[in-house]
Student: 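Got a structure for you, questions after.
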Amino acid sequence: MLRTKRCGDIDSNITGQTVILTGWLQRTRDLGGLLFLDLRDRYGLVQIVINPDSDRELADSARKISRESVIKIEGLVQPRPPEMINKEMKTGEVEIKPFKIEVLSHCAELPIPFEEIIDAGEELRLKYRYLELRRPGMQKMLEMRHRLAQSVRRFLDDNGFWEVETPFLMRSTPEGARDFLVPSRIYKGRFYALPQSPQTYKQLLMVSGIDRYFQIVKCFRDEDFRADRQPEFTQIDLEMSFIEEEDIFSLVERMMRKICQYLLNVELDIPFPRLTYQDAANQYGCDKPDIRFDLTISDVSDKFTNCGFGIFENALKAGGTVKALPAPELNFSRKQIDGINETARKFGLPGVVVSNWDGETWSNPIGKYIEKNIGAELGKLLLNDSKGAVLFAAGDKVITTSGLGQLRLWLAEEYKIPQKSGLHFLWVTDFPLFERDTEGNIASSHHPFTAPVESDTEMIDSDPLKVRSRAYDLILNGYEIASGSIRIHNRKLQERIFSRLGLSDTEAQEKFGFLLNAFDYGVPPHGGIAFGFDRILMLLSGKNSIREVIPFPKTTSGLSLMDNSPAPVDQKQLEELGISILKKKSK
RNA sequence: GGGGUCGUAGUUCAGUUUGGUUAGAACGCCUGCCUGUCACGCAGGAGGCCGCGAGUUCGAGUCUCGUCGACCCCGCCA
């Protein structure tokens with residue numbers, strides 16, 4: 001037998017018993033006349049004590065065992081002397097007096113230390129991820145990841161959802177992120193794609209009458225990576241029939257509440273606040289506002305008409321806008337203002353005018369151009385009559401607002417603007433259905449299956465950018481953690497959208513014919529949402545990268561440092577697939 | 001594709017600003033001492049292609065160019 005108990009389960013209830021324990025030798029403390037070993041498994045840590053006077057051979061052999069070797073110990077559970085009880089340890093009231101120690105597997109010198117207080121570089125941590133996963137913090141993460149998945153399953157099962165698997169090998173679709181392709185051996189020159197999400201399948205499941213579907217599922221997008229983006233990531237994907245926005249909101253709020261109860265023992269206030277996309281864009285300069293701090297952007301164009309200040313006047317005359325971002329209680333020095341401007345330029349603003357308000361007057365140049373009563377109005381509007389500073393920017397409406405939005409986040413970080421602690425959820429609704437892509441073409445801002453707001457459908461052809469969609473995002477502390485919509489369930493409308501997106505009837509039929517055809521056979525009104533599982537876990541565990549909550553993540557350049565993928569394959573494999581590799585163009 | 005930060009012992013970092021004897025520290029490792037430790041303590045020791053390749057120079061960890069890799073950001077991510 002390899003073990004009769006687990007290390008973490010040893011306690012004073014079993015003193016006097018003989019046990020067999022197996023685990024990793026975490027540490028040896030050799031006091032000369034007394035030898036302590038710490039034995040660890042997933043369940044905990046237990047102390048082994050050897051007295052060399054009475055157990056010479058055992059002590060000599062134990063001294064030779066390297067840390068992190070896997071060993072098997074047979075011994076007696078005995079109480080520690082009262083003054084030696086370690087209250088910090090779950091097993092701290094007892095220790096094991098061994099009769100026999102056996103090394104099952106020897107451990108070489110470790111490339112990363114087991115102790116988490118010694119920080120290891122991320123490159124090494126990824127290369128030796130299996131060692132890093134031994135560390136308590138990582139094990140805690142894995143446990144939390146497991147609990148998140150289980151609590152989602154339990155909640156959705158309780159609410160009548162069925163977990164249905166959808167294919168990983170599917171057809172490549174033209175819209176959206178770049179697909180990962182998988183070559184077909186049988187049909188040379190043809191490819192499967194890995195799903196960017198199970199979107200079309202879950203809609204087809206609604207056509208099948210499944211009514212409530214969910215899946216915790218991997219998705220794949222071949223785009224560049226960030227701290228919160230990996231090439232493969234996990235979604236909680238769900239879809240419901242015969243529902244409207246409010247049904248989704250309510251379900252999701254109850255689900256997040258359950259999750260936070262179960263994982264963090266935190267009671268969320270529901271319902272979550274809501275903001276339309278338009279308001280989010282105007283007040284926060286982005287579509288995923290971090291509402292943990294209040295600073296909001298205001299349009300102050302009307303305060304500066306004919307003010308004589310060239311930058312502002314010219315912007316207004318050109319049809320632009322003047323926007324203001326307050327920074328209450330701050331008072332910027334010349335040098336700090338230079339720093340703010342340098343950052344502003346990185347965010348696409350030509351510059352910002354920073355002015356301090358002392359309760360009565362604005363510092364120059366604003367003070368010079370603004371009349372006293374208007375100045376007072378501004379002080380009241382932007383700073384609620386208290387002292388502070390304001391960042392003004394003028395120019396194109398979108399560029400100005402989004403620049404100030406980025407500056408807002410930077411300012412909060414740089415100047416330690418006080419933040420509300422905890423989890424702050426926010427729904428953003430009424431996204432535009434379309435946006436212009438980099439080439440100036442009309443593209444879906446969510447995805448092409450999103451339903452337009454009914455009263456806006458007449459503008460699809462005449463004024464597409466004004467059409468609102470029935471899409472919604474869930475934001476948590478400034479991160480988009482879920483995104484969904486009510487879908488189109490009408491073939492005619494779906495075809496109209498495809499054609500507006502520049503897909504010919506032939507193309508639409510070829511790429512999405514299966515979905516369009518399905519719409520001929522009785523489609524329930526339906527909608528759904530998909531959560532970034534890794535992002536939720538990152539935020540609930542207070543990490544700042546999803547790599548910290550993914551068991552085996554890739555680097556920002558898409559490499560797996562542990563197994564060195566992607567890697568070349570044998571010529572024979574390529575031939576089987578009918579693939580030849582183009583020679584790299586020399587520069 | 002673009003911008004930035006970084007790469008020095010097994011590990012984490014200092015040293016690079018201003019080129020100049022033998023490249024340091026801590027942790028880990030090895031040896032010895034130590035009977036109540038629990039990040040044990042004390043003493044000693046080993047350990048370096050300064051990421052890689054060119055160049056400048058009498059001389060390069062240090063300066064220049066290239067290259068590889070990690071991280072952060074922009075583009076991209078329906």
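Predicted model, so just to flag it, every value in this text is computed and none were measured. The sequence lines fix the lettering, A, B, ..., with proteins before strands; numbering per chain opens at 1. Hydrogens, waters and symmetry mates are skipped; everything else that's a heavy atom, side chains included, is used.
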Student: Could you identify which residues of residues 510-518 of chain A place a heavy atom less than 4.0 Å from some atom of RNA chain B, listed by residue number, or say none?
Tutor: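 Correct list: empty, so none.
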
Student: Any heavy-atom pair between the side chains of A:Y277 and A:T429 that's under 4.5 Å?
Tutor: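 Of all side-chain heavy-atom pairs linking A:Y277 with A:T429, none is under 4.5 Å.
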
Student: Give the C-alpha distance, both sets of side-chain angles, the deciding distance and a yes or no for side-chain hydrogen bond (donor to acceptor under 3.5 Å, both in side chains) between A:R134 and A:Q26.
Tutor: CA-CA 11 Å; A:R134 282 185 192 173; A:Q26 183 163 318; over 6 Å; no

Student: Using a 4.0 Å cut-off on protein heavy atoms (strictly under), produce a 5'-to-3' string for nucleotides 36-43 of chain B with B for base contact, S for backbone-only sugar-phosphate contact, and - for none.
Tutor: BBBBB---

Student: Once you apply a heavy-atom cut-off of 4.0 Å, does A:P111 come out as touching a base, just sugar-phosphate, or nothing?
Tutor: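 Sugar-phosphate only.
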
Student: Please state whether the base of B:C77 and the side chain of A:R229 form at least one donor-acceptor pair under 3.5 Å?
Tutor: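 Side chain to base: pair found, below 3.5 Å.
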
Student: For A:E548, is there an ion pair with A:K543 - N to carboxylate O distance below 4.0 angstrom?
Tutor: no

Student: Do you see a donor-acceptor pair shorter than 3.5 Å between the side chains of A:R487 and A:S485?
Tutor: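 Per modelled atom types, A:R487 and A:S485 side chains form a pair under 3.5 Å.
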
Student: Side-chain polar contacts of residues 219-227 of chain A - donor-acceptor pairs under 3.5 angstrom, sequence neighbours left out - could you list them?
Tutor:
unit_1: A:R221; atom_1: NE; unit_2: A:Q196; atom_2: O; d: 3.2
unit_1: A:R221; atom_1: NH2; unit_2: A:Q196; atom_2: O; d: 3.0
unit_1: A:E223; atom_1: OE2; unit_2: A:R178; atom_2: N; d: 2.9

Student: Strictly by modelled atom types, are A:D563 and A:S565 linked by a side-chain donor-acceptor pair under 3.5 Å?
Tutor: yes

Student: With a 3.5 Å limit on both atom pairs, tell me what B:C13 is paired to, counting Watson-Crick and G-U wobble, or say none.
Tutor: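 With both distances under 3.5 Å, B:C13 matches B:G24.
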
Student: Out of B:C77, B:U35, B:C71, which has the shortest distance to the side chain of A:D53?
Tutor: B:U35

Student: With rounding to whole Å, what would you report as the distance between B:G7 and B:G45 at their P atoms?
Tutor: 30 Å

Student: Only counting residues at least two apart or in another chain, list the ones meeting ring pair (Phe, Tyr, Trp, His ring centres under 6.0 Å) with A:F114.
Tutor: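 A:F114: no ring pair (Phe, Tyr, Trp, His ring centres under 6.0 Å) contacts found.
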
Student: Taking any strand in view, what nucleotide pairs with B:C77 in a Watson-Crick or G-U wobble way, both distances under 3.5 Å?
Tutor: none

Student: Counting only Watson-Crick or G-U wobble pairs whose two distances fall under 3.5 Å, which nucleotide matches B:U67?
Tutor: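 Matched B:U67 with B:G51 under the 3.5 Å cut-off.
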
Student: If we only count heavy atoms from C-beta on, is the A:T166 to A:P195 side-chain gap below 4.5 Å?
Tutor: no

Student: Please list, in numerical order, the residues of residues 494-509 of chain A that have a heavy atom closer than 4.0 Å to any atom of RNA chain B.
Tutor: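 The answer is none.
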
Student: Searching all strands shown, indicate the nucleotide that pairs with B:G32 (Watson-Crick or G-U wobble; both distances under 3.5 Å).
Tutor: B:C42

Student: Suppose the criterion is ring-ring contact (aromatic ring centres under 6.0 Å, His included): which pairs have a residue in residues 465-489 of chain A, not counting sequence neighbours?
Tutor: A:F249-A:Y472

Student: Looking for any heavy atom pair under 4.0 Å, which part of the strands does A:R125 touch: base, sugar-phosphate only, or nothing?
Tutor: nothing

Student: Decide, yes or no, whether a salt bridge links A:K288 with A:E480 under the criterion of side-chain N to carboxylate O below 4.0 Å.
Tutor: no

